[in-house]
Amino acid sequence: MANYFIAHTLRISADEFSSAMQSETVPELAKAMDSGQTPAKCLKSWNPLPYGNENTFYCLWEANDPSDIEATLGPDMLAMLTCDPVQVDEIDWAQVANL
């Protein structure tokens, strides 16, 4: 599996997106990803919306292929945000400091 970073650009307003993230389908998706029932897994998300950035939501994904991320998000989520994965390597700076 590879790691992919995505700066998702919102296709809807920040308020609409925040409301959608409160729906009961979000915990269901999280449980499915956690139990390996989806082709990709979102490892972490960073939400800057409450701090004035009203058009971007950041995520770190684990997937075999970038298309697996879109398959996991599904058409409803993809209607709300863009999905342009960039493959990345993780740098653990604490580990680098201890070399």
Side-chain angles (χ1 to χ4, degrees):
M1 290 256 199
N3 285 337
Y4 294 89
F5 186 80
I6 305 175
H8 295 284
T9 301
L10 300 185
R11 299 178 193 266
I12 59 176
S13 74
D15 288 339
E16 290 173 301
F17 183 73
S18 294
S19 178
M21 293 301 288
Q22 298 300 316
S23 77
E24 66 248 8
T25 60
V26 173
E28 291 172 13
L29 176 60
K31 288 175 187 173
M33 287 189 294
D34 188 54
S35 64
Q37 297 175 13
T38 58
K41 181 178 184 178
C42 187
L43 301 174
K44 297 276 183 182
S45 293
W46 294 269
N47 181 8
L49 301 177
Y51 307 102
N53 180 335
E54 298 199 3
N55 66 347
T56 311
F57 191 82
Y58 302 94
C59 295
L60 177 64
W61 287 83
E62 183 179 72
N64 286 320
D65 188 86
S67 63
D68 292 340
I69 299 168
E70 288 189 4
T72 298
L73 287 171
D76 291 342
M77 284 295 275
L78 291 173
M80 291 189 271
L81 44 77
T82 62
C83 183
D84 299 310
V86 175
Q87 189 169 352
V88 295
D89 291 330
E90 184 176 347
I91 299 169
D92 182 339
W93 289 100
Q95 186 179 40
V96 172
N98 291 319
L99 292 178

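All values below were derived from every heavy atom in this structure, side-chain atoms included, with hydrogens, water molecules and symmetry-related copies excluded. We count residues from 1, following the sequence as given.
- For the side chain to side chain donor-acceptor pair (under 3.5 Å) test, no residue two or more places apart in sequence or in another chain qualifies with E54.
- By the rule that hydrophobic residues join a cluster once side-chain heavy atoms approach within less than 4.5 Å of another member, W46 and L43 end up as members of one cluster.
- Proximity of a side-chain donor or acceptor of H8 to a complementary backbone N or O of T82 within less than 3.5 Å is detected.
- With a 4.5 Å cut-off between side-chain heavy atoms of Ile, Leu, Val, Met, Phe, Trp and Tyr, the cluster of I69 takes in Y4, I6, L10, I12, F17, M21, V26, L29, M33, L49, F57, W61, L73, M77, L78, M80, L81.
- Residues that satisfy the side chain to side chain donor-acceptor pair (under 3.5 Å) test with T9, not counting sequence neighbours, are absent from this structure.
- Listed by first then second residue, pairs satisfying side chain to side chain donor-acceptor pair (under 3.5 Å) with a partner in residues 21-40 read S23-T25, S35-Q37, not counting sequence neighbours.
- S67 meets the side chain to side chain donor-acceptor pair (under 3.5 Å) test with D65; sequence neighbours excluded.
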Please output the side-chain donor-acceptor pairs of residues 91-99 that fall under 3.5 Å, not counting sequence neighbours, one pair per line with the distance.
residue : atom : partner : partner atom : Å
D92     : OD1  : A94     : N            : 3.1
D92     : OD1  : Q95     : N            : 3.2
N98     : ND2  : A94     : O            : 3.0

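- In this structure, the side chain of N53 engages the main chain of N55 through a donor-acceptor pair within 3.5 Å.
- Of all non-hydrogen atoms in A2 and Q87, the two that sit nearest each other are CB-NE2, 3.4 Å.
- With S19 contributing its side chain and D15 its backbone, the two residues share no donor-acceptor pair below 3.5 Å.
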